[in-house]
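First comes the structure, then the notes that go with it.
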Amino acid sequence: MSEQTIMTQPEQATTPAKPKQPRQLVRFTFYKLDPQWLMLPAETRQQGKQELVSIFEEYSERTLMRSYSLFGLRPDCDFMLWQTTYDIENLQGASSRIRRSLMGPYLRETHAFLSMTKRSVYVGKNARGTHDPRLVITPEDKKYLFVYPFVKTRAWYALPMEDRKRMMNEHIRIGLTFPSVSLHTTYSFGLDDQEFVVAFETDVVSDFLDLVQQLRETEASRYTLRDTPMFTCVAQPLQEILEAVGA
């Protein structure tokens, strides 16, 4: 009988894949208070205000949540809630609680933008690490937040990557000349109608105006399909906002 030689391949050393840093879901929700609420008895309105503030505070403990006023600045919304979370159930849960609250039937969502954090393809890998700050929304809690949805033309995505990077580098250079303005860019591809949602924080309104005006003159600007509506939001506690609008 001939001996059988069993050939075995040496086991290949495998390096376990590094766990990916989770990305956050982000929602900007704009509300308009129905004037009919102001006709209700004062006791009912007080109860409704406290219930809404309690819901806001409860979700602020488990997710990042900020409130901003827009009354007197836009006719279609009185305030905005900015929420980030790792679980979509938190977004739906907060919305459900608000809808089912005493004030809920009198609050209309006039605008809402859903997005997610993501690493930029235009920033070098040297800016990335085990913890990428672009995947985590960290508000600087400045006085003003400027929010708007953003859509580029299809022609933009047909350009070579090196051309797009060159134009985005111009954007970045201009942005660096306005250190008082910080930017949060989130992505909506397939999640909502827009492609991006951008949120700029600053304490100086005029700096943001000048920044946007300069960005209009860049080469990349010609590839903007839509960047409206634009919202000027003022950081303010929800309790104060509700009192200011007479709720």
Side-chain angles (χ1 to χ4, degrees), residues 23-33 52-53 55-99 101 103-104 107-118 120 133-152 181-203 205 208 211-212 224-238 240-242 245:
R23 290 150 60 178
Q24 293 181 318
L25 287 159
V26 184
R27 193 172 197 248
F28 300 87
T29 311
F30 297 81
Y31 292 93
K32 180 69 177 180
L33 180 63
L52 186 62
V53 171
I55 294 171
F56 174 83
E57 291 176 345
E58 177 185 335
Y59 276 87
S60 296
E61 293 177 356
R62 69 177 77 167
T63 68
L64 185 149
M65 209 171 200
R66 296 286 190 275
S67 57
Y68 296 82
S69 61
L70 291 95
F71 61 86
L73 303 176
R74 283 187 66 103
D76 56 349
C77 46
D78 292 320
F79 66 94
M80 183 270 286
L81 299 182
W82 181 15
Q83 185 180 10
T84 72
T85 179
Y86 292 101
D87 300 310
I88 200 166
E89 290 78 10
N90 282 327
L91 298 178
Q92 292 184 304
S95 178
S96 176
R97 290 282 302 281
I98 292 173
R99 286 170 181 261
S101 70
M103 190 181 289
L107 285 174
R108 183 165 59 94
E109 291 187 11
T110 57
H111 303 275
F113 306 115
L114 178 65
S115 56
M116 179 175 274
T117 58
K118 189 179 188 298
S120 172
R134 285 165 295 179
L135 300 185
V136 179
I137 298 295
T138 307
E140 297 183 10
D141 292 330
K142 295 184 178 180
K143 184 174 182 179
Y144 303 103
L145 183 74
F146 299 90
V147 180
Y148 58 90
F150 191 83
V151 179
K152 287 184 173 292
V181 183
S182 56
L183 169 63
H184 304 280
T185 300
T186 51
Y187 298 73
S188 298
F189 292 94
L191 302 183
D192 208 340
D193 295 342
Q194 66 281 338
E195 294 173 351
F196 309 88
V197 182
V198 292
F200 294 83
E201 286 188 90
T202 186
D203 288 321
V205 174
F208 177 71
L211 168 60
V212 173
T224 299
L225 179 64
R226 176 170 61 88
D227 58 0
T228 57
M230 291 190 170
F231 301 88
T232 298
C233 312
V234 183
Q236 191 172 2
L238 183 57
E240 294 182 8
I241 294 172
L242 296 176
V245 297

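Counting begins at 1 with the first residue of the sequence.
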Under 3.5 Å, is there a donor-acceptor pair between the side chain of Arg23 and the main chain of Lys118?
no
Interatomic distance, CG@Asp78 vs CG@Leu107, rounded to 0.5 Å, equals 8.5 Å
In terms of relative ring orientation, are Trp82 and Phe28 parallel, tilted or perpendicular, with 30° and 60° separating the classes?
parallel
Could you tell me whether the side chain of Ser96 and the main chain of Gln92 form a donor-acceptor pair under 3.5 Å?
no
Looking only at heavy atoms, which two atoms of Lys142 and Val181 are closest? And how far apart?
NZ-N, 4.4 Å
Do any N or O atoms from the side chain of Arg226 and from the backbone of Thr228 form a donor-acceptor pair under 3.5 angstrom?
yes
Below 4.5 Å, heavy atoms only, C-beta onward: do Pro149 and Asp193 meet side chain to side chain?
no
Give the C-alpha distance, both sets of side-chain angles, the deciding distance and a yes or no for side-chain hydrogen bond (donor to acceptor under 3.5 Å, both in side chains) between Thr29 and Glu109.
CA-CA 7 Å; Thr29 311; Glu109 291 187 11; 5.3 Å; no
Looking only at heavy atoms, what is the nearest atom pair of Gln83 and Ala94, with distance?
OE1-CB, 3.9 Å
What's the shortest heavy-atom distance between Leu91 and Arg27, and which atoms?
CD2-CB, 4.0 Å
Side-chain contact, heavy-atom cut-off 4.5 Å: Leu225 with Glu195?
no
Would the distance check show the side chain of Thr63 and the main-chain N or O of Met65 forming a donor-acceptor pair, the cut-off being under 3.5 Å?
no
Give me the ring orientation class for Phe30 and His111: parallel if the planes are under 30° apart, tilted from 30 to 60°, perpendicular past 60°.
perpendicular
Provide the closest heavy-atom pair for Lys143 versus Asp203 in the form atom of the first, atom of the second, distance.
N-OD1, 2.8 Å
Return the CG to SG distance between Leu70 and Cys77, rounded to the nearest 0.5 Å.
4.5 Å
I'd like to know if the side chain of Glu201 reaches the main chain of Asp141, judged simply by a donor and an acceptor atom lying under 3.5 Å from each other, with no hydrogens or angles considered.
yes
Taking the side chain as everything from C-beta on, heavy atoms only, tell me whether Phe71 gets closer than 4.5 Å to Gln236.
yes
With Phe196, the ring pair (Phe, Tyr, Trp, His ring centres under 6.0 Å) member among Tyr148, Tyr187, Phe113:
Tyr187
Start with the C-alpha gap between Val26 and Ile137, add the side-chain angles, then the distance that decides, and say whether side chain to side chain contact (heavy atoms under 4.5 Å, CB included) holds.
CA-CA 9 Å; Val26 184; Ile137 298 295; 4.0 Å; yes
I want to check something: taking the side chain as every heavy atom from C-beta on, are Leu64 and Pro139 in contact at a cut-off of under 4.5 Å?
yes
Audit row: Arg66, Leu145, side chain to side chain contact (heavy atoms under 4.5 Å, CB included) steps and yes/no:
CA-CA 11 Å; Arg66 296 286 190 275; Leu145 183 74; over 6 Å; no
Does Ser188 use its side chain to pair, donor to acceptor, with the backbone of Leu191 at less than 3.5 Å?
no
Testing Tyr144, Phe231, Phe208 one by one against Phe200 for a ring pair (Phe, Tyr, Trp, His ring centres under 6.0 Å), which residue passes?
Phe208
Okay, side chain of Arg74, backbone of Met230: is any donor-acceptor separation there less than 3.5 Å?
yes
Take atom CZ in Arg99; do more than 12 heavy atoms of anything else shown fall under 6.0 Å from it?
no
Between Val147 and Tyr68, is there a side-chain heavy-atom distance shorter than 4.5 Å?
no
For a side chain to side chain contact (heavy atoms under 4.5 Å, CB included) check, start with the C-alpha distance between Val136 and Gln24, then their side-chain angles and the critical distance, and finish with the verdict.
CA-CA 6 Å; Val136 179; Gln24 293 181 318; 4.0 Å; yes
